[in-house]
Chemist: 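Please read through the structure below; I'll follow up with questions.
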Amino acid sequence: MTLEEFKDFVKTGKPLDTEEIHQFMDKMGGEARKITFRLNSAYHTPEEIRDILSELFGKAVPSTLRVFPPFYTDFGKNIEVGEDVFINACCHFQDHGGVRIGDGCQIGHNVVFATLNHFLEPEKRKMTYSAPIVLGKNVWIGSNATILQGVTIGDNAVIGAGAVVTGDIPADTVAVGVPARVVKHI
């Protein structure tokens, strides 16, 4: 299986339940861990961090990207970031389904992006399925927030610290809580 074949498959929303898919995910996870261990094990200049992230993402990252390690991902090759993005320390990207971060976004400490989910039925629970997470422009995600699969957050939205975002959040709003709900328009 190639990376493009995998990305095309996850777009279908079908369960990730074949031996070929599991082997590919294991292989990619191992590669991602090797790179993130290197990133997280020593001090690196901002330029070095961007070089390592370019290797991890499989494409050049913008020169305006700022990331404070440690940074974690279990796949790495399905993350896209825009210009002037800041990602604070200890963020976790489960990016199998795709994580797209628009220009000017700010991501707080310990934020989790989870693009995989399991079925509720016990006999199917070991199977996973994915859906992308998309952040518009100038989104601010507060520390310790969790963004779940299939969520789109509109331009200029603010997600409060500790929120769990289970559904789409409109542009120009503030959302807080568990599950996150809109409490203010900005």
Chemist: Backbone N or O of T152 within a donor-acceptor pair of the D168 side chain at under 3.5 Å?
Modeler: yes
Chemist: Answer yes or no: are there more than 12 heavy-atom neighbours, outside K34 itself, under 6.0 Å from its atom NZ?
Modeler: no
Chemist: What closest approach, in Å, do V10 and S130 show between heavy atoms, and which atom pair accounts for it?
Modeler: CB-OG, 3.3 Å
Chemist: Flag the pair D103 / D84 as yes when at least one side-chain heavy-atom distance between them is below 4.5 Å, and no otherwise.
Modeler: no
Chemist: Looking at L3, T18, L16, which one forms a side chain to side chain contact (heavy atoms under 4.5 Å, CB included) with F24?
Modeler: L3
Chemist: Can you establish whether the number of heavy atoms outside K27 located under 6.0 Å from its atom NZ is more than 12?
Modeler: no
Chemist: How close do L148 and V151 get, heavy atom to heavy atom, and via which atoms?
Modeler: O-CG2, 3.1 Å
Chemist: Any side-chain heavy atom of E80 sitting closer than 4.5 Å to one from K59?
Modeler: yes
Chemist: Just so I know, are the side chains of I153 and I141 near enough to count as touching, which here means a heavy-atom distance under 4.5 Å?
Modeler: yes
Chemist: So with a 6.0 Å cut-off around CZ of R38, is the heavy-atom count from everything else above 12?
Modeler: yes
Chemist: For atom NZ of K77, is the number of surrounding heavy atoms from other residues, nucleotides or ligands below 6.0 Å larger than 12?
Modeler: yes
Chemist: Mark yes or no for whether Q149, through its side chain, and A114, through its backbone, hold a donor-acceptor pair below 3.5 Å.
Modeler: no
Chemist: Check whether T115 reaches the backbone of H96 with its side chain - one donor and one acceptor, N or O, closer than 3.5 Å.
Modeler: yes
Chemist: Quick check: closest heavy atoms across Q94 and L116, and the distance to 0.1 Å?
Modeler: OE1-N, 3.1 Å
Chemist: For F93 together with F75, are the ring centres under 6.0 Å from each other?
Modeler: no
Chemist: Would you say the side-chain atoms of R100 and N78 include a donor-acceptor pair closer than 3.5 Å?
Modeler: yes
Chemist: Is the closest side-chain heavy-atom distance between T36 and E31 below 4.5 Å?
Modeler: no
Chemist: With distance as the sole test, does R33 use its side chain to make a donor-acceptor pair with the main-chain N or O of M28 at under 3.5 Å?
Modeler: no
Chemist: Can you confirm whether more than 12 heavy atoms, excluding those of I186, are under 6.0 Å from its CD1 atom?
Modeler: yes
Chemist: Using atom types as modelled and distance alone, determine if a side-chain donor or acceptor of D155 lies under 3.5 Å from a backbone N or O of K137.
Modeler: yes
Chemist: Give the minimum heavy-atom separation between A157 and I169, together with the two atoms involved.
Modeler: CB-CG2, 4.2 Å
Chemist: How close do V111 and S143 get, heavy atom to heavy atom, and via which atoms?
Modeler: CG2-CA, 4.4 Å
Chemist: Using modelled atom types only, decide if a donor and an acceptor are shared between the side chain of H118 and the backbone of R125 within a distance under 3.5 Å.
Modeler: yes
Chemist: Would you say that P69 contacts I49 through its side chain, given a criterion of any heavy-atom pair below 4.5 Å between the two side chains?
Modeler: yes
Chemist: Is any side-chain heavy atom of F71 less than 4.5 Å from a side-chain heavy atom of I52?
Modeler: no
Chemist: Please work out whether the ring planes of Y129 and F119 are parallel, tilted or perpendicular, with thresholds of 30° and 60°.
Modeler: tilted
Chemist: What pair of heavy atoms forms the shortest contact from V182 to P170, and how long is it?
Modeler: CG2-CD, 3.8 Å
